[in-house]
Amino acid sequence: MNYDPEKHHRRSIRLKGYDYRQAGFYYVTICCYQRQCLFGEIVNGVMQPNLIGQTVVAVWNRLTQHFPFIELDAFVLMPNHVHGIIVIEEREIKLDPQVNSNSSLPQGTQSGSLGAIIKNFKSVSKRRINRLNKNKLTIWQRGYHDKIIRNEEAYENIRRYILENPLKWDEDEENPINPPKIL
């Protein structure tokens with residue numbers, strides 16, 4: 001099938017013109033494919049991860065070994081999604097030869113960017129989970145949600161939300177027992 005830009009385009013939800021390789025605090029949410037509860041269950045407000053969930057946590061915690069310029073902050077595993085704060089530290093960003101003269105930012109996932117970090121996390125966790133299950137599960141939905149944390153108040157609110165998320169599972173919009181919101 002030939003590429004047709006009228007049919008085969010995805011609208012990016014990333015901040016236009018923003019370089020996601022630069023230092024900053026980033027809040028990310030990554031959801032399971034079709035909101036499947038693959039990672040365990042919430043019991044009395046506490047997440048009880050199964051083997052798949054434990055694998056996801058282990059892969060998340062090893063991200064700093066693959067990306068030494070990041071720090072991991074608050075994180076929570078939920079039955080069908082994860083929330084986390086990734087801190088990209090100040091560093092020299094090498095110019096990428098893929099940058100064309102018509103654009104200030106290159107196309108595709110840039111090495112060292114938030115997108116590259118999430119892509120690595122999803123890919124490694126999927127391979128490990130499928131190796132454990134001897135299966136080919138679709139683990140993650142396409143893409144992820146991010147928010148650039150711009151000040152201390154936002155940071156504190158997001159951090160609290162992440163840490164308290166299991167306590168609010170019954171009202172969580174990602175909980176499959178809750179009907180989807182209609183816009």
Side-chain angles (χ1 to χ4, degrees), residues 1 3 8 10 12-14 20-21 25-89 91 94 96 98 106-147 158-159 161-170 172-178 180:
M1 173 184 285
Y3 174 76
H8 304 107
R10 292 180 61 201
S12 175
I13 59 173
R14 305 292 159 247
Y20 282 87
R21 297 173 299 170
F25 285 64
Y26 300 91
Y27 166 51
V28 296
T29 300
I30 309 167
C31 298
C32 286
Y33 180 68
Q34 296 182 338
R35 293 173 43 174
Q36 299 173 89
C37 291
L38 300 175
F39 303 147
E41 62 182 335
I42 304 285
V43 178
N44 298 322
V46 177
M47 178 62 188
Q48 304 294 319
N50 57 23
L51 185 57
I52 293 174
Q54 292 168 9
T55 303
V56 167
V57 171
V59 172
W60 180 269
N61 289 334
R62 292 180 57 101
L63 281 173
T64 56
Q65 293 177 359
H66 301 286
F67 301 95
F69 56 87
I70 70 169
E71 289 182 26
L72 300 175
D73 199 296
F75 173 81
V76 68
L77 175 77
M78 297 294 288
N80 62 1
H81 64 283
V82 299
H83 295 294
I85 296 174
I86 296 175
V87 181
I88 297 180
E89 298 172 342
R91 70 194 193 283
K94 296 180 180 154
D96 193 317
Q98 289 181 318
Q107 301 299 311
T109 305
Q110 291 302 289
S111 177
S113 68
L114 181 64
I117 296 163
I118 301 304
K119 187 176 184 178
N120 175 276
F121 168 71
K122 290 170 73 173
S123 174
V124 171
S125 58
K126 177 185 174 181
R127 278 194 314 269
R128 289 194 181 167
I129 290 165
N130 283 334
R131 203 175 307 133
L132 282 171
N133 285 338
K134 298 177 181 18
N135 202 337
K136 294 262 188 215
L137 287 174
T138 301
I139 308 297
W140 302 110
Q141 81 176 18
R142 197 168 170 177
Y144 62 95
H145 304 280
D146 74 81
K147 181 178 178 102
I158 290 168
R159 195 168 199 288
Y161 175 81
I162 290 171
L163 298 175
E164 294 175 356
N165 204 237
L167 296 171
K168 299 175 182 174
W169 176 240
D170 290 340
D172 195 311
E173 66 185 43
E174 295 302 330
N175 187 334
I177 65 167
N178 294 329

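Quick caveat: nothing in here was measured; it's all calculated off a predicted structure. Because only heavy atoms are used, hydrogens play no part in the values below, and waters and symmetry mates are left out as well, while side chains stay in.
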task: Begin from the C-alpha positions of Ile117 and Tyr20 and carry the test side chain to side chain contact (heavy atoms under 4.5 Å, CB included) through to its verdict.
output: CA-CA 10 Å; Ile117 296 163; Tyr20 282 87; over 6 Å; no
field: Side chain to side chain, Val82 and Tyr144, heavy atoms closer than 4.5 Å
entry: no
Sidechain-backbone polar pair: Asn80 side chain, Cys32 backbone, donor-acceptor under 3.5 Å: no
field: Note, Leu163 side chain near Val76 side chain (heavy atom, < 4.5 Å)
entry: no
Approximate separation, where rounding is to 0.5 Å, of Asn130 CG and Thr55 OG1: 10.5 Å
query: Which value, rounded to the nearest 0.5 Å, describes the distance between Asn133 atom CG and Arg128 atom CZ?
result: 14.5 Å
Check: Trp169 main-chain N/O paired with Asn175 side-chain donor or acceptor under 3.5 Å: yes
query: What distance separates Ile52 CD1 from Leu77 CG, expressed to the nearest 0.5 Å?
result: 11.0 Å
field: Minimum-distance pair of heavy atoms, taken over all atoms of Leu114 and Ile88
entry: N-CD1, 4.1 Å
message: Between Arg91 and Arg21 (side chain of the first, backbone of the second, donor and acceptor by atom type, cut-off under 3.5 Å), is there such a pair?
response: yes
- line: Closest heavy-atom pair, His66 versus Arg62, reported as atoms and distance to 0.1 Å, is CD2-O, 3.5 Å
task: Look up atom OH in Tyr161 and atom OH in Tyr27, then write down how far apart they are to the nearest 0.5 Å.
output: 5.0 Å
message: Are Leu132 and Gln54 packed together at the side-chain level, in the sense that at least one heavy-atom pair is separated by less than 4.5 angstrom?
response: no
task: Nearest 0.5 Å please: distance from the NZ atom of Lys136 over to the NZ atom of Lys126.
output: 7.5 Å
query: Just wondering, do Ile86 and Asp146 contact through their side chains at under 4.5 Å, heavy atoms?
result: no
From Thr138 atom OG1 to Gln36 atom CD, the distance as rounded to the nearest 0.5 Å: 7.5 Å
- prompt: Can you check whether Gln141's main-chain N or O pairs, donor with acceptor, with Lys122's side chain at less than 3.5 Å?
  reply: yes
message: Under a 3.5 Å distance rule, please check whether Ser125 uses its side chain to pair with a backbone N or O of Phe121 as donor and acceptor.
response: yes
field: Non-hydrogen atoms of Gly40 and Asn50 that approach each other most closely
entry: N-ND2, 3.3 Å
message: Are the side chains of Val59 and Ile129 in contact, using a 4.5 Å heavy-atom criterion?
response: no
field: Over 12 foreign heavy atoms within 6.0 Å of CG, Asn135
entry: yes
message: What I'd like to find out is whether the side chain of Asn120 reaches to under 4.5 Å of the side chain of Phe67, using heavy atoms alone.
response: yes
Heavy-atom side-chain contact between His81 and Asp172 under 4.5 Å: yes
field: Non-hydrogen side-chain atoms of Arg159 and Asp73 separated by less than 4.5 Å
entry: yes
- prompt: Trp60 vs Phe75 aromatic rings, parallel, tilted or perpendicular, using cut-offs 30° and 60°?
  reply: parallel
field: Worked check of side chain to side chain contact (heavy atoms under 4.5 Å, CB included) between Ile42 and Met78
entry: CA-CA 8 Å; Ile42 304 285; Met78 297 294 288; 4.1 Å; yes
field: Minimum heavy-atom distance between Asn61 and Thr64, given as atom pair plus value
entry: O-OG1, 4.0 Å
query: Which class fits the ring pair Phe39 and Trp140: parallel under 30°, tilted 30 to 60°, perpendicular over 60°?
result: tilted
task: Identify the two heavy atoms, one from Pro166 and one from Gly45, that lie closest to each other, and give their separation to 0.1 Å.
output: CB-O, 3.4 Å
